[in-house]
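Every value quoted in this text rests on a predicted model; they were computed, and no experiment measured them. Sequential numbering from 1 along the given sequence is applied to the chain's residues. Because only heavy atoms are used, hydrogens play no part in the values below, and waters and symmetry mates are left out as well, while side chains stay in.
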Amino acid sequence: MRTLSLPAWINAQNSRALAAPLLIVMMLAMMVLPLPAFMLDMFFSFNIALSIIVLLTSLYTVKPLDFMAFPAVLLISTMLRLSLNVASTRVVLTQGHTGPDAAGKVIEAFGHFLISGNYTVGVVVFVILTIINFVVVTKGAGRIAEVGARFALDAMPGKQMAIDADLNAGLIGEQEAKRRRREVAQEAEFYGAMDGASKYVRGDAIAGIIVTVVNVVGGMIVGMVQHNLAFSDAINNYMLLAIGDGLVAQIPALIISTAAGVVVSRVASEEDIGSQLLRQLFERSQVLYIAAAIIGGMGLIPGMPHMAFILIAATMGGAAYLRTRRESRKPPQAKDLPEAISATTASLPEVEEATWQDIVPVDTLGLEVGYRLIPLVDQAQGGELLKRIKGIRKKFAQDIGFLAPSVHIRDNLEMRPSAYRILLKGVEVGHGEVFVGQYMAINPGVTSGDLQGAVTTDPAFGLPAVWINGHQREYAQSLGYTVVDAGTVIATHLNHTITTYAAELLGRQEVQALLEHLTKESPKLVENLVPDVLPLHTLQKILQNLLQEGVHIRDMRTIIETISENAVQTKDPAELTARVRIALGRSIVQQIFPTMDELPVMTLDLRLERLLGQALQAGGTETAIEPNLANTLLTQIQQTTARQEQLGHAPVLLVPGTLRPLLSRFLRRAVPHLKVLSHNEIPDSKTIRVTSVVGGQV
């Protein structure tokens, strides 16, 4: 096996890292050290080649971040051109009296090509090229980069919220979320760097004009005063050299400026700019037919160049005809799902006698979609909703503590084509309508503008939203909207529904599987618990009580240990649930207040606590509360909860342990996002801060 020596290994590792410093040193050296004409020819040729490479690279990039080095390339290419201008100016002023080839063949060739014997024409053409570069291309690219940088920065919060929403819904993993966040930050940095780098190109265009004027004026003075040249000879030599030098620098600058405009002005897609232009400009045969008719009509006007117009019209008409024939040869595709299904049902076999096998159990979780949403759930058509649902179930198991049942997906031809509904044990618990190919822009409440589109409501959380097209996506994110596609809308709604109905999804089969899984990890923990100490249905009821109030059951060790300790004293699920909640106090509080040591909470007025305590002793259920008292209590809690949320605090009501089950059941339907905690559930390490008192007017 051949091995590299240490110096060879170092060279292999650092050769690329040394390229940029060597190039910078070389450019600085060109400004100080004199260069022969041959070296100027080599560097000018390299400058032109570099600009062409940059332009072609920009044309073949799919998105701006594929060419993140472009701002640095702009700086380096600008410094290279300025270094060459300094080096060529030195040669022009010192050797220009010897003839037009004093600064090399490249400058002489460009000068002869542009001037063509007429210095006035040469000067005018050079000025026009400079104006095009400075006023049109560079200024436009700089403006686009400036606006792009502002929009990218404004869109960062919305994009970050969309990434967090996908992560919380289980649609992406932690690594993918980090990659997307890094990409969002890089995009903002790229446009900001492009905004600044465009100033280099504008300064380069101004410097090109000044250097050309200096070469002409300085050359005339040097040639006529120091070398005693005649005016005609001096103007012939130095004008040609100055114009050639300016042109050989302006052409690469114009190419680089065009590349900058291409990079910052294109909209991100999965195609390079060439394919995108050809497909979008020439894919509609109707457009080509109409354009050919208009151009042909213009060619028939007297005085027009008939041959040119008619030739172009014939070419466009022929292209439209060929495209129409190619489209007509494509095999027909079935677009109407009901017709395809009716065609297959025509050859069904004879129906057999009904048997017990025809009774199909009801699916615990189901998702029905209209036929236009079938591509979202069909892997053959690129649908990713099935993969997202797998991610939802996995994240649900990690967060909540048990594995949710599988989601059975089927199409329903009786529904609207773009509608869907979520079923729990055969009963609809959620529905919505999404549009494939469009995006839902959700207003989280902090947007800075309005959008044009179909107004709707987010089916998961009820937030106001708008359906928009793909080209509005970046703009909507820049305004602060959370933009998601149709599949993400369904996945988020399904995830929210599964979390909301987690208690009903925990059946006896899931509890038994949970115990078997816990037995593998801690066999002594669950030994003789079920059914010797506690029936399985009682354990199921305790876990359902916890889930119904939004308490995760991941810490099964604490739950089982608490039940085992207290099951000897009572078998009542409600009492055991209260004791388990006390044992899970730290987990419950952390779930509501993840990073806070001081807990802002609402409490009850002491007089109201006494009234509720008397009602509890009299009846034991929420029906024992006097109706007027119940209405007043409910109204005040709703108002206090709204104020608590306006302050940015989680709505938490802190009550005595005896009242917690009563108030939790009473307020669960009216104020579903309110959490009712007891004093015994607050860890000693936490500080309580009362922000509102409920019942001062009762």
Quiz item: Excluding sequence neighbours, so at least two apart, what forms salt bridge (charged side-chain N to carboxylate O under 4.0 Å, His left out) with Glu549?
Solution: Arg581, Arg660, Arg668
Quiz item: Between atom OG of Ser406 and atom CG of Leu365, what is the distance when rounded to the nearest 0.5 Å?
Solution: 9.0 Å
Quiz item: With sequence neighbours excluded, what pairs up with Glu645 under the side-chain hydrogen bond (donor to acceptor under 3.5 Å, both in side chains) test?
Solution: His673
Practice problem: Taking all heavy atoms of Gln591 and all of Val551, pick out the closest pair and write down the distance. | Solution: OE1-CA, 4.1 Å
Practice problem: Find the distance between NE2 (His552) and CD1 (Ile400) and round it off to the nearest 0.5 Å. | Solution: 3.5 Å
Self-check item: Leu424 CG to Tyr501 OH distance, which is reported to the nearest 0.5 Å
Solution: 7.5 Å
Self-check item: Residues Val466, Gln472; criterion side chain to side chain contact (heavy atoms under 4.5 Å, CB included); working and verdict
Solution: CA-CA 11 Å; Val466 180; Gln472 298 176 272; over 6 Å; no
Side-chain donor/acceptor pairs under 3.5 Å, residues 448-460, sequence neighbours excluded:
unit_1: Ser448; atom_1: OG; unit_2: Leu479; atom_2: O; d: 3.4
unit_1: Asp458; atom_1: OD1; unit_2: Ala460; atom_2: N; d: 3.4
unit_1: Asp458; atom_1: OD2; unit_2: Phe461; atom_2: N; d: 3.2

Exercise. Return the minimal non-hydrogen interatomic distance between Trp467 and Glu433, and the atom names on each side.
Key: CZ2-O, 3.6 Å
Quiz item: Can you check whether Ile422 reaches Glu428 side chain to side chain, under 4.5 Å on heavy atoms?
Solution: no
Quiz item: Strictly by modelled atom types, are Thr492 and Asn495 linked by a side-chain donor-acceptor pair under 3.5 Å?
Solution: no
Practice problem: Locate the shortest heavy-atom distance separating Gln644 from Ser692; write the atom from each residue and the value. | Solution: OE1-OG, 4.1 Å
Quiz item: Where do Glu176 and Arg179 land on the salt bridge (Lys or Arg N to Asp or Glu O under 4.0 Å) test, with the steps shown first?
Solution: CA-CA 5 Å; Glu176 177 67 13; Arg179 186 193 67 80; 2.6 Å; yes
Self-check item: Working for side chain to side chain contact (heavy atoms under 4.5 Å, CB included), residues Leu494 and Arg388
Solution: CA-CA 10 Å; Leu494 181 61; Arg388 293 182 175 184; over 6 Å; no
Quiz prompt | Considering all heavy atoms, the nearest Arg372-Val436 contact | solution = O-CG2, 3.6 Å
Practice problem: List the steps and the verdict of side chain to side chain contact (heavy atoms under 4.5 Å, CB included) for Val54 and Ile255. | Solution: CA-CA 8 Å; Val54 171; Ile255 295 175; over 6 Å; no
Quiz item: Passes side chain to side chain contact (heavy atoms under 4.5 Å, CB included), Tyr439 versus Ile468? Steps please.
Solution: CA-CA 5 Å; Tyr439 294 87; Ile468 61 174; 4.0 Å; yes
Quiz item: Would one find more than 12 heavy atoms of other residues, nucleotides or ligands at under 6.0 Å from atom NE2 of His431?
Solution: no
Self-check item: Nearest atoms (heavy-atom pairs only) where Ile442 meets Ala465
Solution: CA-CB, 4.0 Å
Quiz prompt | Passing option when Ile490 is tested against Val377, Leu385, Val484 for side chain to side chain contact (heavy atoms under 4.5 Å, CB included) | solution = Leu385
Quiz prompt | Exercise: identify the closest heavy-atom pair between Ala650 and Phe593 | solution = CB-CE2, 4.1 Å
